[in-house]
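Every heavy atom of this structure was used, including side-chain atoms; hydrogens, water molecules and symmetry mates were not.
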Amino acid sequence: MSKIGRFAYEPLFDLTDGRPAGVEVVRCRDRDRTAHVARRTVWGTRQIAEFDTGIAITSALHQPGYDATVPLHVDLCAESVIEGRPRLVQLPGLLRDQVGGLPIPPIVLEIGPAVTAARPRALVEGVGVLRAAGIAIALDGAGRGFGLDLVAELLPHSIKIDAELVTRLPTDPAARAVVSALCDVARACGITVSALGVSRPSELKALRDLGITRAQGPLLAQAQGHPRVTGLTIPVDLLPRVEAARSATPRRAALPGVADLAQPPLTLPQDVTVDVVRAAFAAHPQAGSALLTDGARRPVGFLDRNRFLIALSGPYGHALYGRKPATTLAEPPRTIGMGTDVAAALEYCLADRDRSWDDLVLLDGSLRCAGIVRVADLLQAATGVYAGAGSVA
């Protein structure tokens, strides 16, 4: 394991395919932990928020080299959303400045329970400001610091189940009831559920039994001293095992929606040059495509990695295109709505044989990019929907 300094980086995994679904910046020293500092001072709410906001921004900028296709999770307390939002909305711009205009990861602010006090109405207002700035919101420690009504009103991108609840899941019916209620509300509101501190196989099984598909903790991977997650997966023996169907006529299950398969895209402003796109592909070798977006984060151009590099590899290719706008080589994005199911998405893919393997761009209700869906993931989802063929050992 890499040497750990002031901050560490803990991967969040998708439990269905073992791939990283995010990376959280962890504060390693007590002097940076807001709750620890607050217990030893007489600071008021505003001072606590100023301190916490500063550490949150510092933690995000501590190291360069983030994978722009994996969300960056940054911790902060509820007070900071209310008092520190003018500084927090600057975080995406600060990250862009740090990497010289290259793509940055989607930013997810993980809001923990208040250290002193946070009025719910002010919290809702603050979350709205951050969301308008393109920052996603998660609630950390759900079930401990946030009521179900507030979860439904805030509509965060995701909620995280507290590590203490996760530890109790295998043996404590009360803990299972609390987590089950949180999952019911999350599913009804379209919120992703993740789990913290997974340390035993029995906890992992309990999470899967409840339908929770994202988790982090020492059983899956230790926190590391660098933010890169390329090539990182959870151990093979912790992945779901496919078993043979037990009946001669397997029963087909309902196909999932494509929103469950969405991955963060490699995004760039629509006015970048071809050289900038080439540098972005070089920095993110796992990205199969890049998306050009306008000022409202609506997709305006799609660049397939292979076709893009082939265009530059021919005679005079770089000299011809290098300084031109990337839109010169871009194609129209192939877009689908959030409510599309896997069967409809596959049918759409096959409608254009020349681009049938292009990533699909997922749009939200405001026609903004909500992620990309890889065709390989669509095929995997479509072929694993038979009862008995996706059992978890």
Side-chain angles (χ1 to χ4, degrees), residues 1-5 7-28 33 59 66-67 69-75 108 110 112 138-145 157-180 182-183 186 191-243 260-261 263 286 377 380 384 390-393:
M1 184 176 66
S2 304
K3 183 179 179 181
I4 302 297
F7 302 104
Y9 304 88
E10 184 174 9
L12 170 70
F13 289 99
D14 186 320
L15 298 178
T16 58
D17 59 24
R19 294 186 301 205
V23 60
E24 178 181 354
V25 189
V26 180
R27 306 181 188 187
C28 298
R33 294 173 177 150
S59 71
Y66 293 115
D67 187 332
T69 63
V70 177
L72 172 65
H73 292 244
V74 181
D75 297 333
V108 181
E110 290 196 7
L139 295 183
D140 200 351
R144 177 170 53 90
H157 172 269
S158 63
I159 60 174
K160 281 190 169 180
I161 306 300
D162 186 65
E164 181 183 350
L165 278 173
V166 172
T167 300
R168 293 162 49 196
L169 275 179
T171 58
D172 187 347
R176 184 175 288 263
V178 170
V179 175
S180 180
L182 285 167
C183 289
I191 300 169
T192 302
V193 181
S194 306
L196 291 168
V198 181
S199 59
R200 297 176 294 163
S202 59
E203 296 168 7
L204 189 61
K205 183 180 185 305
L207 294 172
R208 284 188 166 126
D209 288 345
L210 288 165
I212 297 173
T213 58
R214 295 193 174 181
Q216 63 192 90
L219 178 69
L220 306 175
Q222 297 287 342
Q224 51 193 13
H226 59 85
R228 300 290 293 184
V229 294
T230 303
L232 185 64
T233 61
I234 64 176
V236 173
D237 60 343
L238 297 179
L239 287 171
R241 291 207 293 269
V242 176
E243 299 176 348
D260 295 332
L261 307 175
Q263 303 286 334
Q286 80 288 355
D377 291 340
Q380 182 180 4
S391 301
V392 178

CG-OG1 distance between L261 and T16, expressed to the nearest 0.5 angstrom: 8.0 Å
Would the distance check show the side chain of R208 and the main-chain N or O of L15 forming a donor-acceptor pair, the cut-off being under 3.5 Å? yes
So, using side chain to side chain donor-acceptor pair (under 3.5 Å) as the criterion, who are the partners of Q286 when residues are at least two apart? D67, T69
Would you name the heavy atoms of T192 and R214 that are closest together and state the gap between them? CG2-CD, 4.0 Å
What's the shortest heavy-atom distance between Q224 and P11, and which atoms? NE2-CG, 4.5 Å
Sub-3.5 Å donor-acceptor pair from the side chain of R33 to the main-chain atoms of R27, do we have one? yes
Taken to the nearest 0.5 Å, the spacing of S194 OG from E110 CD works out to 8.0 Å
Does E203 reach the side chain of L169, with side-chain heavy atoms less than 4.5 Å apart? no
Heavy atoms of D140 and D75 approach each other most closely as OD2-OD1, 3.9 Å
Should H73 and Q216 be marked as a side-chain contact (heavy atoms from CB on, under 4.5 Å) after you check the CA-CA gap, both sets of side-chain angles, and the distance that decides it? CA-CA 12 Å; H73 292 244; Q216 63 192 90; over 6 Å; no
Which salt bridge (charged side-chain N to carboxylate O under 4.0 Å, His left out) pairs, counting each pair once, include a residue from residues 8-22, with sequence neighbours left out? D17-R19, R19-D377
What distance do L219 atom CG and L238 atom CG have between them, rounded to the nearest 0.5 Å? 5.0 Å
Which heavy-atom pair separates L210 from C183 by the least distance, and what is that distance? O-SG, 4.3 Å
Which atoms form the tightest heavy-atom contact between A21 and P71, and what is the distance? O-CD, 3.4 Å
Side-chain touch V26/F7, heavy atoms, less than 4.5 angstrom: no
What one should report as the nearest heavy-atom pair of L220 and A215 is CD1-O, 3.5 Å
Indicate yes or no: at least one non-hydrogen side-chain atom of V229 is less than 4.5 angstrom from one of F13. no
Ion pair check, D172 and R176, cut-off under 4.0 Å: no
Side-chain contact test, heavy atoms from C-beta onward, threshold under 4.5 Å: evaluate it for V23 versus L72 and give yes or no. yes
Give, for atom NZ of K205 and atom CZ of R200, the distance between the pair rounded to the nearest 0.5 Å. 13.5 Å
According to side chain to side chain contact (heavy atoms under 4.5 Å, CB included), who are the partners of A163, at least two apart in sequence or on a separate chain? L196
Distance (rounded to the nearest 0.5 Å) between I161 CD1 and L207 CG: 8.5 Å
